[in-house]
Enquirer: 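The structure that follows is given in the form of structure tokens.
One-based numbering along the sequence shown. Hydrogens, waters and symmetry mates are skipped; everything else that's a heavy atom, side chains included, is used. All ligand and atom numbering here is 1-based and tracks the order in the structure.
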Amino acid sequence: MQGPAKYQIQQDLQQAARQVDSIIDGLLKELPIADCIRPVVTYAMQGPGKRIRAILVLWSCELVSGQTHKAAEMAAAAIEMVHTYSLVHDDLPAMDNDDMRRGRPTCHKAFDEASAILAGDALLTMAFEVLATKVEGPGLAVQLIGLLANAAGPDGMVAGQMADLLAERSGGDLTDLQFIHLHKTAKLFGCATMMGGLCGGADQRQLQALGDYGRNLGLVFQITDDLLDISGSAEQLGKTPGKDQKAGKLTYPAVMGRERSLSVARQLTDQALGCLGQFGEGADRLRTLARLLLQRSC
Ligand code: GRG
């Protein structure tokens with residue numbers, strides 16, 4: 001993808017990211033956060049992230065209902081809080097041990113380890129407080145809470161992270177790698193698109209399609225993340241490049257090399273695009289996003 005289509009989606013993403021920033025800023029002011037932990041939580045949340053999961057919530061809601069609802073804004077902020085907690089904990093010495101994230105010192109470097117652990121705990125908890133207290137309609141709130149808990153918890157991101165750590169210690173094969181990618185990254189992407197769909201009043205068929213699109217997109221995102229770890233610069237990544245190889249991580253390029261990894265990413269992008277058939281032209285922005293995410297590794 002080149003030219004006007006690429007420029008337009010990049011503009012749309014930037015504008016949506018600023019919208020997410022302002023929703024998060026509003027919530028950080030509104031929510032009860034003790035002064036002693038506020039600076040750490042704020043530092044973590046206000047880092048210049050791409051806000052891609054939150055944007056998927058907003059755009060999926062807009063796709064099915066034609067507009068953004070307050071519930072979708074809250075779900076967008078909540079998933080970004082869970083994602084940010086995972087980065088803060090992932091960067092800790094006991095996990096990936098990184099000094100840089102989002103182009104700045106990691107949370108435990110800017111503060112200290114204990115503060116970073118507590119800020120991660122706070123963000124994970126705050127996400128569910130946001131859904132429980134700011135989403136109108138207890139039925140919708142409970143559904144969103146259930147989806148996010150499942151994607152983040154012991155059959156989601158935490159399972160993916162555990163499998164990642166075990167594979168780093170004892171190795172693994174393609175099946176292990178697929179488990180890691182699905183649980184560590186793709187389930188949260190699928191959760192984002194389904195939460196957006198739910199907020200927009202999607203029916204069961206639309207929800208299924210959005211979830212499948214999101215998971216495929218998440219798998220592509222993690223493969224390209226693996227590829228960028230090899231070819232990207234610290235400036236481009238906002239974190240230290242080359243760490244996966246150094247740590248002996250189980251990644252796509254390590255298992256099958258760059259070209260075959262790219263080919264799997266292309267197939268998964270096609271699968272993601274195939275999930276959007278029922279939505280017609282309204283889903284063009286999500287289609288272009290899938291093509292753009294594939295390109296970031298080429
Ligand atoms: C429970 C102690 C404890 C730790 C959990 C669950 C977890 C730690 C870590 C999650 C695993 C993880 C960090 C997966 C990586 C997913 C990924 C590709 C992150 C980068 O996402 P981007 O590029 O980041 O969207 P920005 O900075 O743009 O938000």
Enquirer: Determine whether the side chains of Ser22 and Asp25 contain a donor N or O and an acceptor N or O closer than 3.5 Å.
Expert: no
Enquirer: Under the side-chain hydrogen bond (donor to acceptor under 3.5 Å, both in side chains) rule, what do His181 and Asp226 come out as? Steps first, then yes or no, please.
Expert: CA-CA 10 Å; His181 280 208; Asp226 286 359; 3.1 Å; yes
Enquirer: Please list the nearest protein heavy atom to atom 27 (O) of ligand 1 with its residue and the distance rounded to 0.1 Å.
Expert: Arg102 NE, 2.8 Å
Enquirer: To the nearest 0.1 Å, how far is atom 22 (P) of ligand 1 from its closest protein heavy atom, and which atom is that?
Expert: Lys50 NZ, 3.5 Å
Enquirer: How far is atom 21 (O) of ligand 1 from its nearest protein heavy atom, and which residue and atom is that?
Expert: Arg53 NH2, 3.1 Å
Enquirer: By number and element, which atoms of ligand 1 are closer than 4.0 Å to a non-hydrogen atom of Thr185?
Expert: 16 (C)
Enquirer: Give the atom numbers and elements of ligand 1 that come within less than 4.0 Å of a heavy atom of Asp90.
Expert: 13 (C)
Enquirer: Do you know the tightest heavy-atom contact between Lys50 and Ala17?
Expert: O-CB, 4.0 Å
Enquirer: Between Asp90 and Gln161, do the side chains contain a donor N or O and an acceptor N or O under 3.5 Å apart?
Expert: yes
Enquirer: Tell me, which protein residue and heavy-atom name are nearest atom 11 (C) of ligand 1, and how many Å apart are they?
Expert: Gln161 OE1, 3.1 Å
Enquirer: Counting heavy atoms only, which of Glu80, His89, Lys184, Arg51 is nearest atom 4 (C) of ligand 1?
Expert: His89
Enquirer: Within the 4.0 Å heavy-atom shell around Asp225, which atoms of ligand 1 are there?
Expert: 18 (C)
Enquirer: Closest non-hydrogen protein atom to atom 1 (C) of ligand 1, residue and atom name please, with distance?
Expert: Tyr85 OH, 3.5 Å
Enquirer: Name the one of Lys239, Lys243, Lys246 that satisfies salt bridge (charged side-chain N to carboxylate O under 4.0 Å, His left out) with Asp98?
Expert: Lys243
Enquirer: Which label fits Phe221 and Phe189: parallel for a plane angle under 30°, tilted from 30 to 60°, or perpendicular past 60°?
Expert: tilted
Enquirer: By number and element, which atoms of ligand 1 are closer than 4.0 Å to a non-hydrogen atom of Met95?
Expert: 2 (C), 3 (C), 4 (C)
Enquirer: Give the single entry among Ser86, Ala152, Ala17, Gly156 that approaches atom 10 (C) of ligand 1 most closely by any heavy atom.
Expert: Ser86
Enquirer: To check your reading of the model: name the closest protein heavy atom to atom 18 (C) of ligand 1, its residue, and the distance in Å.
Expert: Gln222 OE1, 3.3 Å
Enquirer: Could you find the nearest protein heavy atom to atom 6 (C) of ligand 1 and give me its residue, atom name and distance?
Expert: Met157 CG, 3.6 Å
Enquirer: What is the ring orientation for His183 with Phe179, classed by angle as parallel under 30°, tilted 30 to 60°, or perpendicular over 60°?
Expert: parallel
Enquirer: Hey, is Arg51 close enough to Asp21 for a salt bridge, meaning N to O under 4.0 Å?
Expert: yes
Enquirer: Can you tell me the protein heavy atom closest to atom 24 (O) of ligand 1 and the distance?
Expert: His83 NE2, 3.5 Å
Enquirer: Can Arg101 and Thr106 be counted as having a side-chain donor-acceptor contact under 3.5 angstrom?
Expert: no
